[in-house]
Amino acid sequence: MKKYNCKKIEKKWQDRWDENGIYQADDFSKKKKYYCLIEFPYPSGTGLHVGHLRSHIAIDIVARKKRMSGYNVMYPIGWDAFGLPTENFAIKTKTHPKIVTKNNIKNYTHQIKSYGPSFDWSREINTTDPKYYKWTQWIFLKLFNSFYDEKLDKARPIEELRMPKKLDEFEKRKYTDSHRLAYKKEMAINWCPSCKIGLANEEVINSTCERCGAPAEKKIMKQWILKITKYADRLIKDLDTVDYLDKIKTQQVNWIGRSEGAIVKFPVILRRHNKESRANTQNDLNNGINTPTTPSQDGNSSLSARNDSPIIEVFTTRPDTLFGCTYVVLAPEHPLIKNLESGIENLEEVKEYIKESKNKSDLDRTDLAKEKSGVELKGIKAINPVNQEEIPIWIADYVLFSYGTGAIMAVPAHDERDFEFAKKFNIDIRQVVAPLFIDKGKNKIRKDKKNTKREVVDVIIKHWNKDEYFCLDWSKSKNDWKTFIFGGVEKGENIKEAAIREAKEESGYQNMRVVKKIGNEIRSRFFAAHKDVNRHDLKRNCVYIELIDNSYVKPKIEHVKNHNGIWLKREEVKNFINLEELKIYWDIFQSGEKPFTEEGIAINSGEFNGLTTFEFKKEITSWLEKNKLGKKAINYKLRDWVFSRQHYWGEPIPIVKCDKCGNVPLLEKDLPLKLPDVKNYEPTETGESPLANINKWVDVKCPKCKGKAKRETDTMPNWAGSSWYFLRYIDPKNDKEFASQNNIKYWMPVDLYNGGMEHTTLHLLYSRFWHKLLYDLNYVNTVEPYKMRRSHGMILAKDGQKMSKSRGNVVNPDEVIEKYGADTLRLYEMFMGPYGDAIPWNTTSLIGMNRFLERIWNMQKKIETQNFVSSPKKTHNIKQLLHQTIKKVTEDIDNLKFNTAISSLMILANEMEKGEEISLDYYSQFLILLSPFAPHIAEELWELREEKKSIHLQKWPRYNPELIKEKKITMIIQVNGKLRDQIKASADISEEEAKKLALESEKIKKWINRKEVRKIIFVKGRLVNIVA
RNA sequence: GCCGGGGUGGCGGAAUUGGUAGACGCGACGGACUUAAAAUCCGUUGAACUUAUACUUCGUGAGGGUUCGAGUCCCUCCCUCGGCACCA
């Protein structure tokens, strides 16, 4: 037999598998279907690096194993080929993107085939093929021709939209257009000045362009928008129905960022009561504020403002803090400002500020380290609707126009940003939530005891000449408190007087002065064991006192019988104190005032005092609704999807712009709208797509009125084609439908979808959105497209850095395959570590995999020289191990634990090698287990078995559970939990027998010595632990 | 700052989910083969102590706790990676 020549056998089998089409999936089969999917590659000019292969190989192993386990497996491949890199490369090299794409695909196909994945090439798709993007455009038209029915909570055809009465034709169109799931809107978009393209929110990373890293700018443009926010709730809720990695689910939930709260209306009054200058802003308010996701937009008319005064609408998650609102803030872009101009006394200053913040880049604006800035709108005031108080209105860029209503109510006592701002500009800070500490431990409120209410003061006392503080240790009493001095405030006393009295009584020191009050109001409820009553304490402040000298009078016993006073150094205090409220006071004493942002109990809130945050929120919200001053609202961080791109290499948006009819969709029969061939596809400086320059293509007749019209020249983002491609694999050649209903019913959902974490908030979310639309319109049969989502870890360069062309640390699979072969590469990629983890590439470790395959090859040689049928005697210990390995490999593949599966194959190979002879039968079984990982060598060695059918069409072995059980075990004997002896014993040894053996052991006797054996623990089949 | 993952030999990593820590592989050291080297094969390889592969002690980021027994569970802290970040 010859040497292991990986190159030769790999080429041989790749060709043969191709010819035989053994990996093609059947549409419809008696077998159970299994649809596994990797994210289809973007064929760039750089080619694949080893990291790209990791998921391909992993899912290939799953596919192969499933196939051998009797499933009808579909493992398809295709090309996500529209997009900027290709266009940029085309411009640079003056080659048409079509040609560039074709070449790249050719190169990628070659690369992919060289590591032997079992893709079904007969289903290959390409997003830039008009036959494919016809359906991408078709889905866009579905979005355009649908509206979201809030009541049924689903999308419906736009024809079914119920129109308000008495609308003229123009109004009807406006109304309809505003309800379409795809709509065009003038808006500030993220703009990359380098790529000259609009970016979706998700494509802006740290305020820079995801692709080229240039700082993103804002640009006002008319853009196509998809209303993904209509699906926000369902995109969260339906995560319950799928099996995604938890981190994927949390990332999506966080990205959607749902928060519940209320919209509150603050009327605005102008100080100079000039009627003409009072703007009627009601209409502007409804149209201008960009709250596409807040319910207030729909049916806003029910919330009529008082009189005709302008209204500021704010969104808050803490309506319970309304009484603490001491100012309101508008984002600098807020349209209301313009309407209020006539009332603003410092208009120049305001305009200057707006201009400044407009010029600031997002990077500057969102820099958390920078100080807050803002300008008060002098001459006008807002009215706090809960207490009619006049409060100042500010504009400040810490308020984002794009979130909520673009305006906030500021509650500095309970919000960090408002607090910082109020401190800087000297605005009132009013506490309306008191922290509430309810003892849940030993000093829990007891139902059978009397409840007592009282006002209490805590006293921090500083030593007369050292940096030490007087604390109390209550271990004498039944309370295990560690506190400062504290006590009740008596009638007629103020807090300071009470503090001094308590300080003298309990410490004994006589000469002191009050320095300051610290902190705010706190409530606590607990059982006071030393008095045998429940206490409901109200603490208004903590009082800080410094001793002047050491004059001392021994305290009366009644004051100190429950505790000992001790002096502690400043740094010791924090760890000593064990009551939460005292920790708060101490913390404020140490590092200054802080807002209290958590939940608590309402104070200074009129009739609502005493309510918990939770109760208050509910009550105030219904109060607001009753009084038409606000309503419940839900907000999302998720924005609608900006869908326009001003580029050539993308799907043309199938819309015609007609002066008379507005945006008119193409008819289905006119799809695909093909990209015109052009010479010049460079982006334009105006931000318009290069298509705009092609008059022949742009000038068309309106499909509706046949009048003069122009084509939409924006193209789709490259997330479009990938949002539904898994459906096309199901029926890739269908030219009547994107896929036939029968095929969809058979194949959907995708059983296993693997992809990178970087797509969690982009592609994965977008495609779930599109799928739900198709579901609502009855084109697909599943609510969710993917049953299971898993993620591969990145392969890093040897230096632990990300692999990238610019760093020059890319490992090219072609070179690895050339030197060591595809099977070695495949094994190494799977063996290097847990599939989900990022792991640095290490070429020296790769050698181990090559050795492993060489040894397997050499085992075949050994078989050829030994008797044809070996005697079981000489291989007797292998059978059990083989069955254990079958179990391990089977389960590990199912759980994507490829590294340990390979390790168990190595253990089996090592054992087989050690034997005098190698059993042919066991070796064959071993080859089958190996075949998903190293398909070429397994197939080659299988062929030598004189088997006619490919190894990849063999049945996956099953293990015999009886055979796996260990009959003899090494029983561990511990003394006090430490390993002291090991005894060989039968696996089902009885407890008594085991204990007897353990106690008889000489070693154990030594360890027990003359100590008393208190207890013996027995774990069946494992250990005995003697407690002495 | 918030959310999520992680921290185990020289390195990549195992560990039956609370029961022999370090499987498997790389590297290193020693040996065999060879004129020699590579390749291959055999042996050793957590640390300390030691003539010793004996015995013992220590050892899974740090400290504390629960338990007969903790890499695994609980608390506090440190470090690191990923995501989000003035989201009201």
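A note on names: the letters A, B, ... follow the listed sequences, proteins ahead of strands, and every chain is numbered from 1.
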For Q982(A), answer base if it contacts any base atom (sugar-phosphate contacts may also be present), sugar-phosphate if it contacts only those atoms, and nothing otherwise; contact means non-hydrogen atoms under 4.0 Å. base

Quiz: residues 896-905 of chain A side-chain donor-acceptor pairs under 3.5 angstrom, not counting sequence neighbours:
from	atom 1	to	atom 2	distance (Å)
T900(A)	OG1	D892(A)	OD2	2.8
T900(A)	OG1	K897(A)	O	3.2
S904(A)	OG	A901(A)	O	2.8

Counting any heavy atom closer than 4.0 Å, what does N899(A) reach on the DNA or RNA strands: base, sugar-phosphate only, or nothing? sugar-phosphate

Remember a base hit wins even if backbone is also touched, and classify R258(A) as base, sugar-phosphate or nothing at under 4.0 Å, heavy atoms. nothing

With Watson-Crick and G-U wobble geometry limited to distances under 3.5 Å, how should the secondary structure of RNA chain B be encoded in dot-bracket form, using | for bases paired to another strand and [ ] for crossing pairs? (((((((..(((......[....)))((((((.......))))))(((.......)))..(((((..]....))))))))))))....

Is the gap between the ring centers of F421(A) and Y327(A) under 6.0 Å? yes

Assign T760(A) to base, sugar-phosphate, or nothing according to its heavy-atom contacts below 4.0 angstrom with the strands shown. nothing

Y398(A) and D418(A): side-chain donor and acceptor closer than 3.5 Å? yes

Just checking W841(A): base, sugar-phosphate only, or nothing, at a heavy-atom cut-off of under 4.0 Å? nothing

What pairs of donor and acceptor atoms, side-chain ones from residues 841-849 of chain A against any protein atom, are under 3.5 angstrom apart with sequence neighbours left out?
from	atom 1	to	atom 2	distance (Å)
W841(A)	NE1	T843(A)	OG1	3.2
N842(A)	OD1	T844(A)	N	3.1
N842(A)	OD1	T844(A)	OG1	2.5

Of all the choices, rC55(B), rC26(B), rG25(B), which nucleotide is nearest to the side chain of K1003(A) once you look at every atom? rC55(B)

Taking any heavy-atom pair under 4.0 Å as a contact, classify N1025(A): base, sugar-phosphate, or nothing. base

Under a 4.0 Å N-O cut-off, is there an ion pair linking K583(A) with E580(A)? yes

Reckon I907(A) touches a base, only the sugar-phosphate, or nothing at all at heavy-atom distances under 4.0 Å? sugar-phosphate

Out of rG83(B), rC68(B), rC84(B), minimum distance to the side chain of I1017(A) belongs to rC68(B)

Answer with base, sugar-phosphate or nothing: what part of the nucleic acid does Q251(A) contact at a heavy-atom distance below 4.0 Å? sugar-phosphate

If only atom types and distance count, is the side chain of K265(A) paired as donor or acceptor with the main-chain N or O of P385(A) below 3.5 Å? no

Determine if the base of rU17(B) is syn or anti; take syn to mean the glycosidic torsion is within 90° of 0. syn

If the test is side chain to side chain contact (heavy atoms under 4.5 Å, CB included), which one of V432(A), V433(A), V411(A) qualifies with F323(A)? V432(A)

Comparing nearest nucleotides in RNA chain B, the 5'-proximal residue of the pair T316(A), N910(A) is N910(A)

How would you label the glycosidic angle of rG9(B): syn (within 90° of 0) or anti? syn

